[in-house]
Amino acid sequence: MYSLIMSDSVKIVFGDKSYEFPVVKGSKNERAININALRAETGLITIDPGYKNSGSCLSEITYLNGEKGELSYRGYSIEDLTKNAGFLEVSYLLIFGFLPSEKQLEKFQIDIHKESLVDEDLKVILKSFPRSAHPMGALASLTSALTAFDPDSVDVESEDEIYSAVVNLMAKLPILCAWTYRKVKGLPLNYADRSLSFEDNIAQMFFRHPTEKYKPNKIVNNALNKLLILHADHEQNCSTSTVRIVGSSHAGLFASVSAGISALWGPLHGGANQAVIEMLEKIKNDGGDIEKYILKAKDKKDSFRLMGFGHRVYKNFDPRAKIIKKAADEVLNDLGVTDPVLEIAKSLEKLALTDEYFVKRKLYPNVDFYSGIIYRALGIPTQMFTVMFALGRLPGWIAQWWEMRKNNEPIGRPRQIFTGKTDLKFVPISKR
Ligand code: ACO
């Protein structure tokens, strides 16, 4: 269990009594009131829908500063990591807490490769879905089904068991992601190639044409690597909190991650990358009238929102969006692809960033605004975008799940204030 660093305290006056609660300090001086004893001492609870002001845990994994637009994994900035590291290296860093030596990374890769087969019966499950099924639904089901093939729960006290579960999931989820892609494309399901690096193997499993020898494409693989790293963790977001809360009931790693995939699917979270491209396409097909859509986004009577804009935590800029925007330009240029929606996206961003509505509310492009444009240039269908996000987020989910279990966190169980009817008397059905 972690130790709390205390600094100062906060006094709460309720009725004629005063109560004191300690303030907890993080390594970058962020502060929180520790209200562990609040209900026991005062009889009160706190209400915070959407957890806008509530911290659910202390964590050593990811730091983000929404005001300054900073994001780092285990102390390393994402700018540094996207420039210098591979996705597997970053996964190791997130999960085990330190950058691996060459030997450690090689062992990790070999161990993952050894587990890179899934039970053939999983194909039956995938086959039973219609081709039109959303890949995120298929991925969540297949990930959950992995539990049926490997039902043993993990003893979190055992480093060996944890390592084996980590390696298994890191090996198997990319296969399932690639299979959902190949199902959408109507291609035969593909297997891992142990002669390739972890990152090249992911690309191979997705893109290898059944009648051709696979040739790694540096541009594609670099773009994928960068995108996967940028999505690898983002502290206590909706899907990660889901993974932690499901895991807090001591549900297994695969079941917890499957729940995280479902949470990621929604358009207010990871599903936004699909929604952004659909929105940009709509604007293009509607004549490219950007101002009209800015007006719609500002109109409170209109349900339209500028997808890929705004973030619960970033109130200056999303550092991931900055890197992805640059990468989108480079990838399209390198691949010789011109995509009219990239120009629409840039004009939309420019206009929104000078509009009082967006400026006042501190709404900036988020990670999803430009990522879809890169996925599209790589030939990945729109419906698959959130699956790509899930693949990138996997090491983060694993790291967060493990940290939660290692810290022996209690089961997640929020309270509520009841506002329904009270003391009604049952009326028999014949008299209602
Ligand atoms: N377009 C128009 N207005 C917006 C947008 C948007 N994209 N985002 C927020 N606003 C407005 C709200 O209407 C609200 O206005 P008000 O103060 O006049 O009522 C204000 O900005 C604050 O917005 P909230 O919804 O309260 O902010 P919250 O932190 O709850 O939501 C969220 C954040 C969900 C990301 C929101 O900005 C949104 O819906 N964005 C579009 C979807 C999206 O891109 N999601 C991906 C996020 S990144 C990720 O999850 C990987």
Side-chain angles (χ1 to χ4, degrees), residues 46-54 64 66-67 69 132 134-137 234 236-242 262-318 320-322 324-325 328 339-373 375-376 381-386 389 414 416-421:
T46 55
I47 284 286
D48 187 19
Y51 310 114
K52 291 192 176 193
N53 307 282
S54 296
L64 85 81
E67 278 70 36
S132 58
H134 196 287
M136 280 299 276
H234 211 233
Q236 307 313 316
N237 56 80
C238 176
S239 55
T240 301
S241 300
T242 302
S262 297
L264 186 72
W265 189 358
L268 295 190
H269 190 16
N273 55 13
Q274 173 176 342
V276 169
I277 289 291
E278 286 166 354
M279 173 189 77
L280 294 173
E281 275 289 338
K282 194 169 164 205
I283 298 175
K284 186 187 87 182
N285 296 336
D286 195 19
D289 187 349
I290 288 158
E291 278 176 37
K292 175 177 154 187
Y293 283 87
I294 293 277
L295 283 175
K296 270 167 79 62
K298 297 193 301 185
D299 182 357
K300 293 290 171 201
K301 287 190 219 111
D302 193 325
S303 63
F304 176 79
R305 276 192 165 201
L306 210 54
M307 298 315 286
F309 254 76
H311 196 274
R312 170 61 60 79
V313 188
Y314 291 122
K315 300 298 173 196
N316 183 338
F317 66 92
D318 181 337
R320 302 167 300 173
K322 227 177 173 178
I324 290 181
K325 182 181 178 184
D339 189 341
V341 305
L342 178 59
E343 293 318 310
I344 292 182
K346 284 184 180 170
S347 310
L348 202 56
E349 179 189 351
K350 203 166 162 196
L351 197 59
L353 292 185
T354 52
D355 189 291
E356 203 210 327
Y357 173 96
F358 292 90
V359 174
K360 205 173 126 201
R361 289 169 181 77
K362 301 190 162 117
L363 302 171
Y364 295 85
N366 58 50
V367 67
D368 291 322
F369 195 63
Y370 286 103
S371 62
I373 291 170
Y375 292 136
R376 228 156 95 110
T382 314
Q383 280 204 325
M384 275 296 299
F385 292 177
T386 318
F389 190 152
Q416 63 160 26
I417 293 293
F418 177 70
T419 59
K421 292 177 181 160

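In this text, all values refer to a predicted model and were calculated from it rather than measured experimentally.
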Which residues pass the side chain to side chain donor-acceptor pair (under 3.5 Å) test with [X], sequence neighbours left out?
X	result
Asp48	Asn53, Ser54
Lys325	Glu349
Tyr375	none
Asp302	Lys296

**Message:** Can you tell me how the ring of His234 sits relative to the ring of Tyr314, calling it parallel under 30°, perpendicular over 60° and tilted otherwise?
**Reply:** tilted

Check whether any side-chain heavy atom of [X] sits under 4.5 Å from a side-chain heavy atom of [Y], and report yes or no.
X	Y	result
His269	Thr386	no
Pro340	Leu280	no
Phe385	Asp368	no
Thr382	Glu281	no
Asn316	Glu67	no

Considering non-hydrogen atoms only, spot the tightest contact between [X] and [Y] and give its length.
X	Y	value
Ser371	Asn273	OG-CB, 3.7 Å
Thr240	Gln236	CG2-OE1, 4.1 Å
Asn366	Ala321	O-CB, 3.5 Å
Ala297	Leu306	CB-N, 4.0 Å

**Complete:** Interatomic distance, CD1@Ile47 vs CD1@Ile417, rounded to 0.5 Å, equals 5.0 Å

**Item:** Interatomic spacing from CE in Met307 to CG in Leu348 - rounded to 0.5 Å
**Value:**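 Those atoms lie 12.5 Å apart.
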
**Message:** So, using ring-ring contact (aromatic ring centres under 6.0 Å, His included) as the criterion, who are the partners of His134 when residues are at least two apart?
**Reply:** Trp265

**Prompt:** Looking at residues at least two apart in the chain, or sitting in another chain, which of them share a ring-ring contact (aromatic ring centres under 6.0 Å, His included) with Phe317?
**Reply:** none

**Near-ring test Phe309/Phe358, centroid separation under 6.0 angstrom** = yes

**Asked** If you count the non-hydrogen atoms of other residues, nucleotides and ligands that lie under 6.0 Å from OH in Tyr51, is the total more than 12?
**Response** no

**Request:** Can you tell me which residue pairs pass the salt bridge (charged side-chain N to carboxylate O under 4.0 Å, His left out) test with a partner in residues 304-318, sequence neighbours excluded?
**Result:** Asp318-Arg320

**Request:** Check whether any side-chain N or O of Ser239 sits under 3.5 Å from a backbone N or O of Ala263 as a donor-acceptor pair, and report yes or no.
**Result:** no

**Polar side-chain atom of Thr242 near backbone of Cys238 as donor-acceptor pair, under 3.5 Å** = yes

Apply salt bridge (charged side-chain N to carboxylate O under 4.0 Å, His left out) to [X] and list each qualifying residue two or more places apart in sequence or on a separate chain.
X	result
Lys282	none
Asp289	none
Lys292	Asp286
Glu291	none

**Fill in**
In short, side chain to side chain donor-acceptor pair (under 3.5 Å) pairs touching residues 350-359 with sequence neighbours left out are Lys298-Asp355, Lys300-Tyr357

